[in-house]
Structure formats: C-alpha cells, structure tokens
*Asks:* 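Structure incoming, see below.
If you read the sequence from its start, that first residue is 1, and numbering goes on from there. Computed over heavy atoms, backbone and side chain alike; hydrogens, waters and symmetry mates excluded. Fair warning: this is a prediction, and the values are worked out from it, not measured in the lab.
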Amino acid sequence: MGMMGPCTMGSVRLGIKSDSVRRRAAARKWRRRQGNDGRARVLVPLDAIPESIPAPTPAVIPDDPAIIARLAVAEARLADALQAVAEGRKALDDMKGDRDAWKRQAEALASRPGWLTKLLGRYR
C-alpha cells in the first residue's frame, strides 16, 4: 500500500474529484490516519492508482470565435475603464492644485490686517 496525501493530492493522482476520493476510500475501506495538520490521510493501494491520467478537457476551448469576441469586448471595456481612471486622477490632481492655490491665497489674505482693523487703528 502506498500512502497518499490530502484528498486533493489523491484526486490528482486518481484523476477524480475530491468527493469521489472520499467516497471511494470509504466504500473500499482504505486505511486512514490523522495527519499533524488534523486532516485525514488515506492509505491508497498502489493498484488503485492508474498508470497514466488522461489530460482533462479544458472547460473553455480557446479557439471558440464567440469567446474570442467576448474577450475582445471585455478588453475594450477594460481599456476604456483604465482611460477613465487616468482622466479622473488627472482631474483630481488639477483640483488639488486649485485647492492649494486657494488655500495659499486665503492664508495670505488672513495674515494682512482687514479693513476694520485699519479703520480702527487710525483712531488709537
């Protein structure tokens, strides 16, 4: 008997899903051990492991024209969104510059004596 790792490892080696590995281990009464991480380790007989596992069929076929068209639309929308973000950042930087200029002007005006102070200062 060979020792297998976590169920995900068994699913890769056996070429089946994790739930199927659990069911198969229970049905065939394969021995289990508790790992240091608290997860179960299943001792899988070597004869249960196939010599080779067929490559999984991709869920999406990359040459599908409909998928390629949808990807092109998504890429165009992403480019538009990135452009809008860049324009928004530029506008924000411009507004920050305006704010800072107004703040400097307000501070300069606040540091000068006002008309009332000047008027009252003449009569002291």
*Asks:* Which atoms form the tightest heavy-atom contact between R39 and D37, and what is the distance?
*Replies:* N-OD1, 3.0 Å
*Asks:* Report the distance from atom NZ of K96 to atom CZ of R89, rounding to the nearest 0.5 Å.
*Replies:*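 Taking NZ in K96 and CZ in R89, the distance rounds to 10.5 Å.
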*Asks:* Nearest 0.5 Å please: distance from the CZ atom of R99 over to the CG atom of L92.
*Replies:*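 If we round to the nearest 0.5 Å, R99:CZ and L92:CG are 8.5 Å apart.
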*Asks:* So, using salt bridge (Lys or Arg N to Asp or Glu O under 4.0 Å) as the criterion, who are the partners of D80 when residues are at least two apart?
*Replies:*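 In terms of salt bridge (Lys or Arg N to Asp or Glu O under 4.0 Å), with neighbours along the sequence ignored, D80 is linked to no residue.
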*Asks:* To the nearest 0.5 Å, what is the distance between CG (D98) and NZ (K103)?
*Replies:*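 Taking CG in D98 and NZ in K103, the distance rounds to 14.5 Å.
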*Asks:* Just to verify, what does R32 make a side chain to side chain contact (heavy atoms under 4.5 Å, CB included) with, not counting sequence neighbours?
*Replies:*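 Once residues adjacent in sequence are excluded, the partners of R32 under the side chain to side chain contact (heavy atoms under 4.5 Å, CB included) criterion are A40, V42.
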*Asks:* Is D94 salt-bridged to K90, cutoff N-O under 4.0 Å?
*Replies:*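 Result for this pair is yes, salt bridge flagged.
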*Asks:* Strictly below 4.0 Å, N to O, side chains only: are R22 and D19 in salt-bridge contact?
*Replies:* yes
*Asks:* To the nearest 0.5 angstrom, please state how far the CG atom of L71 sits from the CG atom of L78.
*Replies:* 10.5 Å
